[in-house]
Structures are given as structure tokens and as C-alpha cells.
Amino acid sequence: MLPKLKEVSNRFLSLIGPGRIVKERYDFKSIEQKWQAQWETKDIYSVPDFSDKPKYYCLEMFPYPSGKLHMGHVRNYSIGDVVARFKSMHGYHVLHPMGWDAFGLPAENAAIKHGGLHPAEWTRDNIDAMRSQLKQLGLSYDWNREVATCHPGYYKWTQWLFLELYKTGLAYKKKAAVNWCPSCATVLANEQVKEGECERCSTVVQRRELDQWFFKITDYADRLLADLKKLEGWPEKVKIMQENWIGRSEGSEIVFKAETGDEMKVFTTRPDTIYGVTYMVLAPEHPLVEKMIQGKPEAQQVREFVNQVRDLSELDRTSTEAEKIGLPTGAYCINPVNGEKVPVLVGNYVLMEYGTGAVMGVPAHDQRDFEFARKYGLPIRVVIQPKGQELQSETMTEAYTEDGLMVNSGHFDGTPNRQGITKVIKYLEENRWGSGQINYRLRDWLISRQRYWGAPIPMVYCDQCGIVPVPEEELPVTLPLDVELKQVGKNPLTECEDFMNTTCPQCGAKARRETDTMDTFMCSSWYYYRYTSPRDEENAWGKQQVEHWLPVDQYIGGVEHAILHLLYSRFFTKVFYDQGYCKNEEPFENLLTQGMVLKDGAKMSKSKGNVVSPEDIIARYGADTARMFILFAAPPERDLEWSDQGVEGCYRFLNRVWRLVAAVSESLQEVPSRPEGNLVGVNREMRRITHYTIKKVTEDISQRFNFNTAVSAVMELVNAMYQYKDVPASDRDPAVMREGIETILVLLAPFAPHVTEELWEGIGNTQSVHTQSWPQYDKDAIVEEEVTIVVQINGKVRDRMIIPAEMDPEAMKELVMGQPKVQELIEGKNVVKVIAVPKKLVNIVVK
RNA sequence: GCCGAAGUGGCGGAAUCGGCAGACGCGCGCGACUCAAAAUCGCGUAUCUCCGGAUGUGUGGGUUCGACUCCCACCUUCGGCACCA
């Protein structure tokens with residue numbers, strides 16, 4: 001068979017001169033392979049620790065090595081890559097690293113399910129597979145800085161950080177009712193429970209009393225909240241979510257004396273309603289409950305109720321729908337401000353974890369208390385009266401929660417309740433009955449996990465010395481690899497004698513190791529510090545390196561980490577700051593939360609069968625097309641609807657660029673890329689479009705991350721170049737042509753790194769397109785001499801005119817009013833006003 | 001229930017500071033090239049129309065010479081939180 005004509009011509013063209021003239025066909029596969037190999041050999045993306053250039057730390061959330069890249073990753077990393085390349089073309093010293101959040105349940109579950117493959121091997125294989133997929137995307141990572149959290153050289157420092165927190169009293173062990181996921185066979189932090197279900201497997205979470213390790217993130221609640229204000233580069237949405245999660249509320253703590261003589265503390269945001277208290281409710285787990293009911297006829301009933309509630313899942317327990325049930329304990333306590341005896345109840349809706357686990361009941365001014373009081377026939381007393389109204393407790397249909405004047409409140413009567421809040425607090429403090437208090441919804445971070453594939457908690461239990469930290473020089477506490485994973489719910493560390501048995505670092509006696517491992521969120525809360533000195537064996541990170549690079553200038557990732565990872569990382573950074581390990585108080589200066597990648601309006605998932613694999617797309621169209629599409633289809637923070645036809649369109653566009661360059665490449669050799677002298681006509685217009693595009697793309701990327709409009713601007717430039725190419729050669733300026741072509745390639749380089757590099761070489765350049773400086777637009781070139789303005793009458797477009805761009809408003813009015821067509825349109829009408837906006841419009845208001 | 005975001009052609013989206021609504025791309029239609037098809041290139045493409053225009057950015061009001069953009073009320077969708085005292 002004869003070779004096809006195209007193949008012949010390709011072969012012929014490529015003989016003319018290596019890298020000098022562009023082949024006819026866009027062969028993405030060989031181009032991408034060629035350049036990936038070259039970039040790797042020349043190590044062009046490796047970054048020294050220090051430089052004279054200004055630094056820029058561009059970071060994307062590192063992935064869990066599941067084994068396969070999904071479109072969400074492609075989106076995340078394509079965005080990051082554009083930012084990193086854009087910044088480095090602007091002369092920044094850019095740190096752009098990648099690594100692996102490599103500890104976690106899937107590895108362990110895979111080992112149990114399929115048998116044979118150890119989590120370490122499974123993880124390693126997955127990392128290898130994903131690394132090669134990332135490389136196929138042509139991302140500009142410095143792979144010399146790669147980290148994996150499951151590597152002993154990394155988790156040594158995770159353990160070291162645990163010890164640091166332990167030293168400062170921020171890591172502690174306590175017995176508490178915790179969230180237990182029966183399917184994952186481990187406890188979970190509050191942040192990992194969504195609507196009462198395990199966020200990873202959606203199993204209903206149970207409550208268990210367990211002795212566990214916590215980090216005192218609550219100590220930092222106020223700073224985590226206050227410093228949100230400093231994060232101007234964060235989306236408002238994420239800041240609000242964190243604010244709500246921290247849940248600060250101001251109020252006061254008030255002590256009620258129980259008849260047993262015990263002090264019962266309550267937290268309230270409404271101390272101004274203290275005189276309206278008609279009962280008290282304790283959480284079923286409240287330590288005073290048992291004492292209250294001693295010897296009371298209610299005792300048996302209350303105990304049964306307490307046991308019932310304790311057995312409920314977190315979901316049932318905290319559901320808003322659940323009926324509010326209260327039981328009298330038979331005991332009473334005294335309201336300190338008026339000496340009144342009020343009954344003490346036990347209620348299922350009172351949570352031991354929030355405030356003091358006791359609530360004062362003010363039914364007249366709290367809707368929930370109101371309903372509760374009506375249900376159980378408890379008295380209602382109005383202590384806040386609205387202006388111009390007289391509330392009667394008997395006739396009220398709902399609680400009055402608005403402002404008013406205090407009544408039935410002793411010497412506070414007549415005080416506006418807002419002022420009353422501070423006055424009552426002062427009064428309580430003077431009498432030592434209570435004090436102003438701030439409460440947070442945020443709870444301490446539970447970091448113990450009853451699973452194998454994680455960083456061991458570096459603690460030892462000694463019968464003599466109690467809990468003893470492993471000395472720093474003995475780190476890492478190595479996770480033993482010779483274990484057998486048989487079933488979920490059995491942590492093999494608890495059966496691994498070699499691991500468990502040790503000696504006490506303090507007294508040398510036989511001792512046991514902690515067998516729980518750390519929450520993987522702990523590993524991922526500091527990895528961006530490690531990137532700055534990834535192979536440092538003496539320290540978690542080099543102080544100089546961290547002071548040079550941190551904070552991260554741009555962080556990019558999914559919004560699903562709005563609370564979890566981002567809050568934990570902020571907490572860690574504040575601890576590091578306090579310990580003098582870094583100078584930044586916040587880890588991430590700017591945050592971009594990218595939207596999801598959808599198909600048919602839904603998140604891609606195996607169960608829905610709507611998954612599009614990046615591998616397939618790369619194989620069919622190449623990485624450049626995949627990247628182009630994902631950046632072009634939607635602005636980054638919005639959800640993106642996958643479209644096969646849209647991908648096709650981007651592929652067509654790159655082909656169009658290819659053909660354009662191929663068609664003119666020969667004529668561009670040895671032509672300067674800066675036109676000389678004064679341009680006129682098509683040449684001036686072509687150059688205007690080129691420079692306008694530079695301006696537009698630069699602003700779209702740097703000011704708003706709108707890659708979609710940046711790409712569309714380049715598309716318009718390409719369209720204009722196609723027109724220009726067909727102008728008779730005698731009227732064309734080859735330098736304008738070359739400048740246009742080079743501009744297209746340079747502006748597109750961060751988006752489609754391979755094809756631009758190939759074409760850049762093809763038009764005779766010897767240096768990589770990726771080491772070029774970002775072009776600057778010429779202010780004079782973008783000036784338009786003439787503009788089309790709109791002529792409006794009463795705001796409706798009636799005509800268009802071409803006028804000199806610099807015409808001032810008065811001249812515009814005069815010109816427009818003098819037009820016969822305008823005169824005709826306004827004939828017989830009264831001109832009230834004429835508005836002229838330079839370069840835009842003239843609006844004539846008539847009656 | 002509370003907090004937040006979003007609603008624009010057949011579709012993804014654009015309009016950045018209150019000034020031509022629908023850039024760019026997809027899809028569709030027409031034409032050129034071709035024996036033909038694909039690819040490519042070019043043109044057209046919001047709706048209605050009595051061909052003068054009229055209407056149109058979720059709905060209803062308002063501010064303004066002028067509103068996708070600002071204000072008020074509401075509807076829908078999505079996301080977060082949800083007995084937090």
C-alpha cells in the first residue's frame with residue numbers, strides 16, 4: 001500500500017531542518033512524550049531553596065494515593081500549574097511541590113479484602129501509578145521535593161510534632177463519649193462526622209466512652225476565629241464556615257446551688273433573663289444526676305431514662321426532630337439572684353459536651369424552653385416586656401425573644417435588656433454567683449485511631465511512671481511491616497508483641513506502647529512545611545527555609561476541606577508560631593476552592609457510572625487538550641459540567657493553533673518579533689489585538705483567576721491572526737505576524753505546555769517557551785483611534801456611530817444632536833437631558 | 001429552622017466600575033473545497049414580528065437618563081450547620 005499523502009509530506013517537511021519548520025500534523029502523543037522527557041532530563045522544574053528573586057509558594061492539596069487520578073485532581077493540578085508557570089514567567093522563584101497523603105484506611109481495607117498485598121506495597125504501587133499519570137499531564141512540579149506521609153523519614157516528624165504538642169500541654173488523654181464508626185472500626189473527630197454519619201463511609205456513628213488522645217484546639221478557638229479577618233485572600237464562604245464551626249457565643253456562667261450543697265453551673269447567652277428561670281435541666285450524663293436522685297422516688301425512672309439516652313446514636317441523639325423529653329429528678333436548686341427554688345430535671349436535649357451540660361429554663365424568652373415548659377406544665381414567667389405591649393404568660397403562643405425592658409427582675413426592672421446583660425453579669429460577679437463567659441462550639445480534636453496504617457502515637461505506658469513520651473532521639477516509632485491484616489476491627493498492632501512490648505524510657509521497666517495511630521489529618525496538617533526541606537534528617541524543617549517560603553502564597557483545593565484540613569492546618573501553624581518554629585501566623589495567604597467536576601449534572605462516581613477517566617482523555621486528545629478544556633469550561637470556583645464535545649472543541653482549537661503556526665512558520669524564520677516604526681491600517685489593528693490580548697490574559701489570570709476568559713481571549717487572537725494571514729503579503733508586516741504568533745504561544749504556554757513548546761521551537765527559538773518572560777503590553781499599541789458608540793433615546797438603542805475615541809462628551813452631544821436621523825427621531829418632542837459617556841454612548845432623554 | 005452561593009440562548013459560559021445582554025466555545029443551519037464523505041475554511045444562529053419594531057438575564061416591586069449589575073420582598077436549585085443553651 002502506498003503511504004498517504006499527508007504522511008509523505010510530514011516526512012518530507014521534517015527533513016528540512018530539525019526543529020526549524022513545523023510539521024503539518026499535530027501529533028500530540030510524540031510531542032508530549034518528547035518534551036516530558038526533555039524537561040525531566042534537564043530538570044527544569046527543580047527549585048533551589050533560596051534565590052534573589054521574590055518567592056512564590058504555589059501549592060495544591062496533595063492527593064490520597066488511591067491509584068488513579070480523577071478529573072477533580074486534573075482540575076486542581078491544572079489550575080495550580082497555570083498559576084505556578086504564570087508566576088515563574090513573571091520572574092518569581094516558584095516553589096511548586098507534590099506529594100502523597102499516604103496513610104489511611106483504603107490501603108488497609110484493600111489488604112483485608114483482597115489479601116496478600118500489604119498496605120505499604122499497595123500504597124507504593126499506587127503512588128508510582130499516580131506519579132506517572134501526573135507526569136503525563138506535564139505539570140511543573142519539583143519532584144525532588146516529593147514527600148509521602150507514610151515514609152518513616154516523614155512520620156518521624158509527625159511523631160515529633162505530637163511530642164511537641166504533648167510538651168506544651170496541647171496533647172492530652174481523656175476518657176470521653178466519642179464518635180465511633182462501626183464500619184471503619186475506629187473513633188472519629190467531630191469534624192469527620194456529617195449529619196451523624198461517618199463522612200467517609202456514611203455509617204451511622206455510635207457513641208462510646210473511650211480513653212483517647214486529643215489536641216486542645218479549643219485553646220486556640222479565639223485566635224482561629226479572630227485571625228479569619230486577616231485572611232483577605234480566602235473565599236468568604238470558607239471563612240463563614242469556619243466561623244460557624246468555631247461557634248463563639250458570649251454570655252455568662254451562673255452558679256445555682258443545689259439542695260445537696262453542690263454547685264450547678266449553667267452557661268447562658270441571656271443573663272438578662274435570669275429572673276425568668278422556672279426550672280433547670282441537666283444532661284443525662286451530668287455527673288450530678290446520680291447524686292440528685294439519691295433516695296428519691298424518681299431515682300429508678302431517671303436511671304432508666306439516662307441509660308436509654310446513652311445508648312442512642314449521635315444521629316438520634318442530636319436530631320432536631322427528636323422529641324424533647326424531660327424527667328423531674330425530684331431535686332431543687334436555688335436561683336442566686338432571687339433565692340427561688342426551681343425544680344431540676346434531666347433532659348435528652350441537653351448536651352454534656354457543650355457549655356456546662358446544664359441549662360437554665362427560661363420559657364418566656366426561649367422558644368425551645370417555651371415548648372418544653374408547655375409540654376410539662378412548668379411555670380412561665382415574663383421578664384422582658386416589649387415596648388408598647390403587655391405579655392401575659394398564660395396567653396403567649398410562643399416565646400418572646402426580641403428586645404424589651406426588664407420586668408419582674410428586682411432592682412433591674414425598667415432596664416433595657418441589652419444593657420441588662422452587662423449589668424446582670426456585673427451583679428453576678430460582685431456576688432460571686434457567676435461571671436461573663438465565652439463558649440465555643442468547637443471541641444478538642446480527637447486524634448487517636450484504632451487502625452494500623454497510620455503514624456504510631458509515640459507514647460509508652462508504664463505501670464510505675466504512667467504515661468511516658470518516647471524520647472525524641474528514639475523517633476521514629478516505626479510502624480512494623482510484618483503484620484497480618486485479617487479483619488476490620490482488629491488493629492494488628494495490638495497483637496504485635498515486638499511492637500507493643502518495650503521498656504519505660506524513664507525507669508527502664510517493662511512497658512507497653514500505645515497501639516493507636518494518628519488521624520491522617522495530623523499528617524496532612526504540616527506537609528507544606530516539609531516541602532521546604534524534604535530531606536532534612538535533623539529537623540522537621542529548616543528554619544531558614546520555612547521563613548523564606550511560608551506562608552503559602554496560593555493554596556488550591558476542594559471546598560470539602562473548608563473546615564477539616566484547613567482548620568487543623570491553621571491550628572498547627574499557630575502552635576508552630578508560638579513555639580518559634582515559624583514566623584507566619586497563618587499557613588495560607590490566598591485560597592482558591594475549586595468546584596467539582598460533574599457529568600450529567602452529578603458528581604462523577606462509579607455507582608452512577610458517569611466517570612470520565614483522565615487516562616482515556618489523555619490517550620485520545622493529549623494532556624494539553626485535557627488541561628485546556630478543564631480550564632476553559634468554567635471559572636475555577638464553580639462546578640464544571642464535563643462535555644465530550646467541549647473537549648473536542650479544545651482539541652480543535654489546539655489543532656487550529658498548530659495549523660496557523662505551521663502555515664506561517666517558514667516565513668517567520670529570522671524575522672524580528674518587534675515591529676519597527678509607525679504601523680497603520682491592518683498592521684496597526686493586528687498589533688492592537690495582540691497587545692490587547694496580552695493585557696486581557698494577564699489581568700484575567702492575575703486578578704481573578706478567570707482562566708476561561710483568558711483562553712477565550714487567546715481564541716479571539718487566533719481568529720484574528722487567521723484573518724490577518726489572508727491579507728495580501730505586500731500589505732502585511734512579517735514582524736507583526738511573528739509578534740502575534742509568539743504572543744499566542746507564550747500566553748498559552750501555562751495552559752498547554754507541550755504544544756506551545758513544540759511550536760515555539762518550530763518557529764526558530766532555541767530557549768524553552770517556559771523560561772520566557774511574560775510579555776508586557778504596549779500601552780500605545782492598544783489605543784483605539786475610533787470607537788463605535790450607541791445613540792439612545794430614552795435608554796433605547798436607536799443608532800450607532802463611529803467617532804474618534806478621544807472625543808469629549810460635549811463634542812459627542814453636539815455631533816449626535818446634529819445627525820438628521822436623530823433630529824427625525826426626536827421631532828416634536830421636548831429634549832429634557834442629554835447624557836454622554838466617552839467611548840460608550842449618548843442618551844437623549846425626551847418627553 | 002439558621003447561614004451561604006447560584007439562577008442569563010438548545011448547552012457550557014461572557015458582560016471586571018450602573019452604559020450595545022449573549023464574548024468565546026459547543027450544538028445547529030447554510031455555503032466553499034470534494035466524485036462523495038470526513039476534516040478544514042467562511043457566513044449565520046435569543047424570542048416574537050404586521051419587517052416599522054416589540055420583548056428578553058428566576059418572579060414581583062423600587063432607585064436611575066439608563067439595571068444581568070444597586071435596594072426590598074419572594075420562588076427554585078445547590079452547599080454548609082443543625083436541640084449549641
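In the text below, chain A, chain B and the rest are named by the order of the sequence lines, each starting its count at 1. Fair warning: this is a prediction, and the values are worked out from it, not measured in the lab.
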Side-chain H-bond candidate by donor/acceptor type, A/R638 with A/Q594, under 3.5 Å: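 No donor-acceptor contact under 3.5 Å links the two side chains.
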Donor + acceptor pair across side chains of A/R441, A/N244 (<3.5 Å):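 Per modelled atom types, A/R441 and A/N244 side chains form no pair under 3.5 Å.
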Spacing of A/R659 atom CZ relative to B/A39 atom C1', expressed in whole Å: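 Roughly 8 Å, once rounded to whole Å.
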Pairwise side chain to side chain donor-acceptor pair (under 3.5 Å) hits with a residue in residues 823-845 of chain A, at least two apart: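 Applying side chain to side chain donor-acceptor pair (under 3.5 Å) to every pair that reaches into residues 823-845 of chain A, excluding sequence neighbours, yields nothing.
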Sugar-phosphate or base contact per nucleotide [nucleotides 1-15 of chain B; S, B, -; heavy atom under 4.0 Å]: --SS-------BSSS
Worked verdict on A/E191 versus A/W245 for side-chain hydrogen bond (donor to acceptor under 3.5 Å, both in side chains): CA-CA 9 Å; A/E191 288 79 11; A/W245 188 260; 2.9 Å; yes
Nucleotide nearest A/T268 (side chain, heavy atoms from C-beta), chosen from B/G42, B/C65, B/A85: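 Of all the options, the side chain of A/T268 is nearest to B/A85.
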Under 3.5 Å for both donor-acceptor distances, Watson-Crick or wobble: does [N] have a partner, and if so which one?
{"N": "B/U47", "result": "B/A54"}
{"N": "B/G7", "result": "B/C75"}
{"N": "B/C81", "result": "B/G1"}

Check this one for me: any side-chain N or O of [X] less than 4.0 Å away from OP1 or OP2 of [N]?
{"X": "A/R441", "N": "B/A85", "answer": "no"}
{"X": "A/K324", "N": "B/C83", "answer": "no"}
{"X": "A/R652", "N": "B/C26", "answer": "yes"}

Please give the distance between the [atom1] atoms of [N] and [M] as a whole number of Å.
{"N": "B/G22", "M": "B/G4", "atom1": "C1'", "answer": "28 Å"}
{"N": "B/C48", "M": "B/U16", "atom1": "C1'", "answer": "33 Å"}
{"N": "B/U57", "M": "B/C20", "atom1": "C1'", "answer": "15 Å"}
{"N": "B/U45", "M": "B/A21", "atom1": "P", "answer": "16 Å"}

Whether A/N348 side chain and A/I325 backbone form a donor-acceptor pair below 3.5 Å: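 A pair under 3.5 Å: yes.
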SB check A/K237 A/E637 (cutoff 4.0 Å):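 Salt bridge flag = no for A/E637 with A/K237.
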